[in-house]
Amino acid sequence: MPRILVIDDDQANRESLRRRLERRGFPTMVAVDGLAGLALIAEHAFDLILLDVMMPGMSGLEVLERIRETRDPASLPVVMATAKDDRMDIVAALERGANDYVTKPLDFEVVLARVNTQLALKKSFDTIAALERSLAQRNTELESANTSLTLAAVKTQRDLALAAKIQESLLPVSMPTMKGVRFAWAFEPCTELAGDSLTISPLDPDHVGMYVLDVSGHGVAASLLAVAANRVLSPASGFDSLMLQGTSPSEPRRVMPPADVARRLSQKFAWDDATGQFITMFYGLLNVKTLTFTYSSAGHPPAVHLTADRLRPLDESGPVIGLGGDYDQHEIPLSPSDRIFMYSDGVTEAMNAEEEQFGFDNLCTIIESTRAVPLDQCVATLLEAVKNWRGGPSTDDISILVFEIVRDGE
């Protein structure tokens, strides 16, 4: 219950108020003068003060001024007891911060009504103040959490940028300079990190290995798997490369057939129920001496073979990497001016505003229409056509890898 302090030099008044207030449930203390009242206020927590104006020594108005030096009217209401016809005392008390007044002789029912009113107002103020403190604390906690999240976001962005640079370093830095063949490629991740990867790797004086692979999903998990697959495939990884086979530095490494590359990759990245990821890949091996192209597809979109008089898909495909099984390989002869287009499904499955896919037919149309332009321009035109079709941000990575057989003298 709210605690009340009665400050009055008249013993009959203060004892009468104390008894009657306590009978109404209010714990009440009394003080015989202003100094005694201030001492009690310093020692105890009161919810309301009943203060007589006319007291010997320190007057009620002086006591009120001292109270208001540390306590405002909302946190500690003061009801003044004044003479019935002394309006100047009433005005002076209200000007100094009194919340209300009662006149003598005291009518207890009036006193009780004024006390209840002021206590109700104080309770409302205390509730609001508590809510404000809680809100301020919550705001502080939110600001702290926001700062932590901002720092974490900055770190994550920095880590993603570093990871993207590492992934970018795995792309072909410069085109292989092998007689009789030209290469071009394009790579566009849909986020900072991509699940696609592509490589062009000279394996010996006569052979170039190349692939486009695509990990299911997007983001960090897909990127990590793409980087891991790239590492085990790369000839730069030494004797662990899946594209070459050799057991010692003194033994020349043998170029692995495409079907064996797919099979060994599938063994290394067997299906894991915990991650639910798989890889599709189109792997090709070009013999620049015999102009033959051997390839194997693991659940990947078909490459496109453009000749002088026709265009056809290389659509024989085996299971995706990770599910195991047998992988077939196929060999086709190439002629001067032939082009082979390898790509990820981010090309053919790009969606326009009407949710229509770019599709294989549009891909073939662009390839046909650019057969006479330089290879770099052909790739740039194809990439731009996909972007225009999409009309907005990409939802999938885009990889394009193309090579052409060069005529003598070109």
Report, as yes or no, whether the 6.0 Å neighbourhood of atom [atom1] on [X] holds more than 12 heavy atoms from other residues, nucleotides or ligands.
{"X": "Phe360", "atom1": "CZ", "result": "yes"}
{"X": "Arg66", "atom1": "CZ", "result": "no"}
{"X": "Asp326", "atom1": "CG", "result": "no"}

Distance from [X] atom [atom1] to [Y] atom [atom2], nearest 0.5 Å?
{"X": "Tyr101", "Y": "Ile90", "atom1": "OH", "atom2": "CD1", "answer": "4.5 Å"}
{"X": "Met256", "Y": "Leu242", "atom1": "CE", "atom2": "CG", "answer": "8.5 Å"}
{"X": "His300", "Y": "Tyr295", "atom1": "NE2", "atom2": "OH", "answer": "13.5 Å"}
{"X": "Leu51", "Y": "Glu62", "atom1": "CG", "atom2": "CD", "answer": "11.0 Å"}
{"X": "Leu213", "Y": "Phe282", "atom1": "CG", "atom2": "CZ", "answer": "13.0 Å"}
{"X": "Asp345", "Y": "Gln357", "atom1": "CG", "atom2": "CD", "answer": "9.0 Å"}

Taking atom types as modelled and ignoring hydrogens, do the side chains of [X] and [Y] form a donor-acceptor contact shorter than 3.5 angstrom?
{"X": "Thr290", "Y": "Thr292", "answer": "yes"}
{"X": "Asp196", "Y": "Tyr343", "answer": "no"}
{"X": "Asp214", "Y": "Ser344", "answer": "no"}

Do NZ/NE/NH1/NH2 and the carboxylate oxygens of [X] and [Y] come within less than 4.0 Å?
{"X": "Glu95", "Y": "Arg68", "value": "no"}
{"X": "Arg14", "Y": "Asp52", "value": "no"}
{"X": "Glu22", "Y": "Arg18", "value": "yes"}

Least distance between heavy atoms, Ala298 atom then Ser317 atom:
C-OG, 4.1 Å
Taking every non-hydrogen atom, the tightest pair across Trp389 and Phe358:
NE1-N, 3.3 Å
Check the pair Ile7, Met55 against side-chain contact (heavy atoms from CB on, under 4.5 Å), reporting the backbone distance first and the verdict last.
CA-CA 9 Å; Ile7 305 175; Met55 291 187 298; 3.8 Å; yes
Does any part of the side chain of [Y], heavy atoms only, come nearer than 4.5 Å to the side chain of [X], both counted from C-beta?
{"X": "Phe46", "Y": "Leu40", "result": "yes"}
{"X": "Gln329", "Y": "Tyr283", "result": "no"}
{"X": "Glu404", "Y": "Cys378", "result": "no"}

Hey, could you give me each pair passing salt bridge (Lys or Arg N to Asp or Glu O under 4.0 Å) that has a residue in residues 111-131? Not counting sequence neighbours.
Asp47-Lys122, Asp100-Arg114, Lys122-Asp126
Side-chain polar contacts of residues 25-37 - donor-acceptor pairs under 3.5 angstrom, sequence neighbours left out - could you list them?
| residue | atom | partner | partner atom | Å |
| --- | --- | --- | --- | --- |
| Thr28 | OG1 | Phe26 | O | 2.9 |
| Asp33 | OD1 | Leu35 | N | 3.3 |
| Asp33 | OD1 | Ala36 | N | 2.8 |

Thr381 vs Val373, test: side-chain contact (heavy atoms from CB on, under 4.5 Å). Steps then yes/no.
CA-CA 10 Å; Thr381 300; Val373 304; 5.5 Å; no
Start with the C-alpha gap between Arg182 and Asp376, add the side-chain angles, then the distance that decides, and say whether side-chain contact (heavy atoms from CB on, under 4.5 Å) holds.
CA-CA 10 Å; Arg182 290 197 189 100; Asp376 286 343; over 6 Å; no
